[in-house]
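What follows is a set of notes on a single structure, which appears directly below.
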Amino acid sequence: MQVSITVNGEQRTDEVEPRLLLAHYLREVRGLRATNIGCDSTSCGACTVIVDGLSVKSCTVLTAQADGAQVTTLEGLTGADGELHPVQAAFRAEHGLQCGFCTPGMVMAAIGVLADNPDPTDREVREGLEGNLCRCTGYHNIVRAVLTAAQAGPAAGQVPQAQEVEA
Amino acid sequence: MIPTAFDYVRARSVDEALAALTEHGEDAKLLAGGHSLLPIMKLRLAIPTVLIDIGGIPDLSYVRVEGDEVAVGAGTRLFEIERDEVVRAEVPLLSHVAGRVGDPQVRHRATLGGTVAHSDPASDVPTGLLALGGDVVVQGPAGRRSIPVTACWTGFFETDVAADEMVVEVRVPRTGSSGWGYEKFTRRENDWAIVAAAAVEGRVALANMAGTVVRAAATEEALARGASIAEAAALADQGTSPSSDMHADADYRRHLARLLTRRALETAAAA
């Protein structure tokens, strides 16, 4: 079947199998490999991307369901001049990663958290990231990074493309 | 994990979806948010040959006050129910249980109709609905009919919804300022309930204490007789048939049902 999906601002039409998962489409058809597949069972959040303004786990969405949608992956966060998104900058500043495998999903989920609540408490960040697992258990610095990113203002809860992040 | 191959049909209206269901029969499954269906398809526990995507039908997503009830469209996503001002004011228990499902990413996709139709006995939303009362509205070739929530969930992953019908709406009584409680016991925050108890207006429903969500009938009868919360909650596991698994054995589940029922009733009474 044909799908037309805008990823990081670039619209493309592709012929895909109906069973192709969005995570596989992003990695293998679009060649965007920042989106990791961890548990492959909607638990770990490593594959989190933004679809039409909402954070979702792309291992549990069919590419067909995203037909016509706007998708933002980690690759779409950095500006053309190489400037990091406020959440990326905060993860770097606070060392919000250890092995880094969960990081792309954590960053995308954190944008969703900040879109929903621009000034969260420590507890609200933890609850907002309940769907993302860090097997290194590096949660303290991840939470710290999200709180630091919140200080950057509304841009921390937005993605560079036209789509508006709701939550 | 990759599901087996299937044909994909996009329905733009309820009528289109019903026509496709009639055409493809039991080989077809309806796909809304896909957060129950796709995981079991990836595990190949379900192998439908046709998926009918109803996720894009616009008029299935709404919240309306209609007389003494709140009507919620089956396509309404759980995060919308969690936040909706009308639901929060008129049926706060429904808002709460919608917000206890999975995690934010899951609630961005999962729908009310999906969690009702999936009939998982550990599911938060059916537990809340069973305590609230009300009806599940389904539509089929013969038109619409209402299934009382007490008759909706007939077995493990089984409902009273026929193969050629689809859930289009859920109607719940407005409980307004009535006290309510919901107690969910999990190992991790985004897990399924090991046991959960919902209480509102003297009605109590339990998750994961049988093949479906169930009402704690003995507790409700005791409350109606004027028993204390402690006395009534001690009967919560009567008539249930919990299973044993790696999370908890049946006796422990019975203990949890009594304990969580007491806490839910106490919370409801304190409001």
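In what follows, chains are A, B, ... by sequence order, proteins preceding strands, each numbered from 1.
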Top contributor to chain B contacts, counting heavy-atom pairs under 4.5 Å, from A/Glu17, A/Glu127, A/Gln65, A/Met1: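 Heavy-atom pair counts peak at A/Gln65.
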Which of A/Val61, A/Leu21, A/Leu129 touches chain B most, by non-hydrogen pairs under 4.5 Å: A/Val61
Candidates B/Val200, B/Val70, B/Thr127 - the one meeting side chain to side chain contact (heavy atoms under 4.5 Å, CB included) with B/Leu132: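 By the side chain to side chain contact (heavy atoms under 4.5 Å, CB included) criterion, B/Leu132 pairs with just one of B/Val200, B/Val70, B/Thr127: B/Val200.
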Contact list for residues 66-91 of chain A, test salt bridge (Lys or Arg N to Asp or Glu O under 4.0 Å), sequence neighbours left out: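 Qualifying pairs: A/Asp67-B/Arg10.
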Proximal to chain A - members of residues 29-46 of chain B, heavy-atom separation under 4.5 Å: B/Leu31, B/Ala32, B/Gly33, B/Gly34, B/His35, B/Leu38, B/Pro39, B/Lys42, B/Arg44
Under 4.5 Å from any heavy atom of chain B - which part of A/Leu62: both
Heavy-atom proximity to chain B below 4.5 Å, by part of A/Thr48: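 For A/Thr48, the side chain is the part near chain B, not the backbone.
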Neighbour count above 12 (heavy atom, 6.0 Å) for A/Arg135 CZ: no
Over 12 foreign heavy atoms within 6.0 Å of CD, A/Gln11: yes
Between A/Asn141 and A/Gln98, a side-chain donor and acceptor under 3.5 Å: no
Side chains of B/Ser119 and B/Thr159, donor plus acceptor under 3.5 Å: no
B/Thr186 and B/Arg188, any side-chain heavy atoms less than 4.5 Å apart: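 When only atoms from C-beta onward are counted, B/Thr186 and B/Arg188 do not touch, as no gap falls below 4.5 Å.
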Ring geometry between B/His96 and B/Tyr182 (parallel below 30°, tilted from 30 to 60°, perpendicular above 60°): perpendicular
Which of B/Glu189, B/Arg109, B/Arg107 touches chain A most, by non-hydrogen pairs under 4.5 Å: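 Most pairs with chain A among the choices: B/Arg109.
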